[in-house]
Amino acid sequence: MREPSETSGPAAASVHLIASKDTWIEGGAVRQLEQTARLPGMRAAVGLPDLHPGTGYPIGAAFLSELVYPALVGNDIGCGMGLWQTDQAMRKFKSERAAERLSGLEGPWDGDLDGWRAEQGLAPSAFDQALGTIGGGNHFAEIQAVAEVLDATAFAALNLDPERLLLLVHSGSRGLGESVLRAVIDQHGHQGLAPAATAARDYLQAHDHAVHWAEANRRLIATRLLNALGMDAERLLDVWHNLVQPIDWAGETLWLHRKGAAPADRGPVVIPGSRGTLSYLVEPLLQSRLPFAPATDPSLRSLAHGAGRKWKRGEARPRLSTLQRPEDLRKTALGGQVICDDKELLYDEAPEAYKAVDRVVADLVDAGLCRVIATLRPVLTYKLRRAAGLRDRQRAHKPHGARKPKRDRR
DNA sequence: ATGTCC
């Protein structure tokens with residue numbers, strides 16, 4: 001573990017960075033970590049090895065505070081990862097055939113929403129048309145195969161079969177979380193809220209609903225995708241990496257904010273790479289460490305939530321477009337296939353835009369925070385499918401005058 | 001990240 005340099009200002013929370021010297025971390029992200037740690041009421045802050053800059057606050061970090069900071073959780077409240085084991089044998093899977101069967105996941109679900117919501121115990125919201133949709137950015141649904149089993153005992157304990165395909169879903173609360181954040185920010189700005197105050201209570205109630213919505217959303221995404229492929233599956237895990245929750249610490253209640261940080265106290269988690277690299281199924285090693293205290297657990301019971309972005313959104317296309325065409329990006333180095341009809345998104349989420357997940361996981365293992373159970377190989381990554389007529393064209397019709405002149409074909 | 005943006 002390396003420690004950020006001392007900075008001036010009021011002595012505040014302890015700040016830790018869990019990363020080896022070989023792991024690239026942007027200076028701006030470390031500055032955001034230190035600045036956030038100086039907010040009122042902060043007790044401890046940790047940057048995980050996937051730390052990278054966010055808008056105002058870093059991503060890949062956890063914060064322990066006396067106050068509740070909605071802005072720190074961000075807009076995608078409840079975002080996380082769900083993992084399913086399917087009944088589909090890897091050897092019999094035809095990924096091109098499967099890709100043809102996947103479409104329409106962007107539109108509203110045509111099932112019995114009321115019945116399903118009741119089954120999930122999920123209160124209705126104005127955003128329920130979006131239930132079962134993946135969204136944009138780094139969200140995805142991915143069919144994976146087991147690449148290597150490194151801990152056979154833990155693997156078997158999860159009832160995992162190395163021959164069967166898995167489904168990993170990464171999504172969150174979409175527009176609902178955005179509306180919850182906007183409502184509290186409009187009233188109170190970015191300030192920390194006293195947990196007992198009405199503002200915090202109202203926020204936390206809406207936050208908890210968004211967290212529930214996000215999990216239900218991942219479940220419905222999985223259901224839709226599995227139905228389309230004619231597969232059955234069992235959920236192995238579901239964890240949130242964007243949320244705030246109360247945590248008991250030496251008799252007092254503090255608030256643990258995870259901003260792109262996976263929990264180390266909810267069983268195994270998947271640390272996804274990019275669509276072109278392996279993902280890691282890991283077993284956290286902190287579950288028996290009680291009582292909870294930052295002094296004995298500087299990781300704040302958290303793990304990296306992925307590889308971490310290396311390039312900001314929008315930066316990848318100009319860097320890569322001369323080297324790789326969109327059709328090149330729809331096949332990956334590990335033989336996987338990518339469904340993504342949005343060019344900007346295709347470039348933004350290219351493997352090159354991410355740090356090396358192997359390095360990130362190695363840092364966690366070296367810090368004694370987790371053990372690798374297995375590595376998972378991407379087979380078919382679903383990002384965004386546009387209606388057939390609109391694929392690889394301009395998103396919307398523009399007036400003729402606004403159209404660029406046709407360029408010569410190379 | 002965002003029923004994304006005019």
Side-chain angles (χ1 to χ4, degrees), chain A residues 29 32 50-61 69-81 104-110 113 124-141 169-186 190 206-207 209-211 213-215 217-218 220-221 240-244 257-262 272 274 305-317 340-349 353-354 383-387 390 393-404:
Chain A
Q32 285 183 336
D50 58 335
L51 188 77
H52 60 281
T55 48
Y57 310 98
I59 299 158
Y69 282 95
L72 203 38
V73 177
N75 62 337
D76 202 12
I77 301 164
C79 187
M81 299 280 168
L105 292 177
E106 291 69 30
W109 184 48
D110 60 5
L113 192 60
S125 80
F127 295 87
D128 293 352
Q129 289 282 304
L131 273 169
T133 64
I134 295 167
N138 56 2
H139 291 171
F140 62 82
V169 176
H170 175 205
S171 192
S173 58
R174 319 270 276 96
L176 174 64
E178 167 79 18
S179 79
V180 171
L181 177 65
R182 188 174 299 276
V184 69
I185 294 288
D186 284 351
H190 282 224
H207 163 283
H209 175 237
V211 163
W213 195 102
E215 180 187 359
N217 188 37
R218 288 188 287 274
L220 192 52
I221 290 165
W240 302 279
H241 52 229
N242 287 352
L243 87 175
V244 56
H257 301 69
R258 290 200 177 99
K259 178 62 177 171
S274 68
H305 80 312
R309 288 200 81 86
K310 188 172 70 187
W311 297 341
K312 284 194 279 288
R313 291 201 172 92
E315 228 175 76
R317 192 169 179 174
C340 183
D341 291 330
D342 183 303
K343 278 184 193 166
E344 190 71 21
L345 186 57
L346 198 53
Y347 281 101
D348 267 348
E349 296 299 313
Y354 284 86
K383 295 288 289 181
L384 185 145
R385 176 77 100 192
R386 210 163 272 148
L390 292 170
R393 293 197 195 172
Q394 290 297 326
R395 180 179 302 203
H397 292 285
K398 289 182 179 171
H400 281 291
R403 267 188 200 160
K404 286 181 194 166

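Just so it is clear: chains get the letters A, B, ... in the order the sequence lines come, proteins before strands, and each one is counted from 1.
- Taking only distance into account, the side chain of A/Asn75 meets the base of B/dA1 through a donor-acceptor pair shorter than 3.5 Å.
- Here A/Ala214 lies out of heavy-atom contact (under 4.0 Å) with every strand.
- A/Gln32 meets the side-chain contact (heavy atoms from CB on, under 4.5 Å) test with A/Pro53, A/Pro58; sequence neighbours excluded.
- Note: CG (A/Asp76) to P (B/dT4) measures 15 Å, nearest angstrom.
- As a whole-Å value, the separation of A/Glu178 CD from B/dT4 P is 11 Å.
- Side chain to side chain, A/Tyr57 and A/His257 fail the donor-acceptor criterion of an N or O pair below 3.5 Å.
- Expressed to the nearest 0.5 Å, how far CD1 of A/Ile134 lies from CG of A/Asn217 amounts to 9.0 Å.
- A/Gly136 comes within 4.0 angstrom of the backbone, heavy atoms only, and of no base.
- Among the atoms of the strands shown, only primed sugar atoms or phosphate atoms (P, OP1, OP2) are found under 4.0 Å from some heavy atom of A/Gly137.
- Here B/dT2 presents its P atom at 9 Å from CH2 of A/Trp213, a figure rounded to the nearest Å.
- We find that NZ of A/Lys312 is positioned 15 Å from P of B/dA1, with the value rounded to whole Å.
- OP1 or OP2 of B/dA1 lies within a sub-4.0 Å distance of a side-chain N or O belonging to A/Arg313.
- Rounding to the nearest 0.5 Å places CD of A/Glu178 at 9.0 Å from OG of A/Ser173.
- Scored by the side-chain hydrogen bond (donor to acceptor under 3.5 Å, both in side chains) test, A/Glu106 finds A/Tyr382 as partners (sequence neighbours excluded).
- Atom CD in A/Glu344 sits roughly 14 Å away from atom P in B/dC5 (whole-Å rounding).
- As judged by a 4.0 angstrom heavy-atom cut-off over every strand, A/Gly54 is placed among residues making no nucleic acid contact.
- We find that NE2 of A/His139 is positioned 5 Å from P of B/dT2, with the value rounded to whole Å.
- Rounded to whole Å, the distance from NZ on A/Lys383 to P on B/dA1 is 8 Å.
- For the pair A/Arg309 CZ and B/dA1 P, the interatomic distance rounds to 7 Å; values are reported in whole Å.
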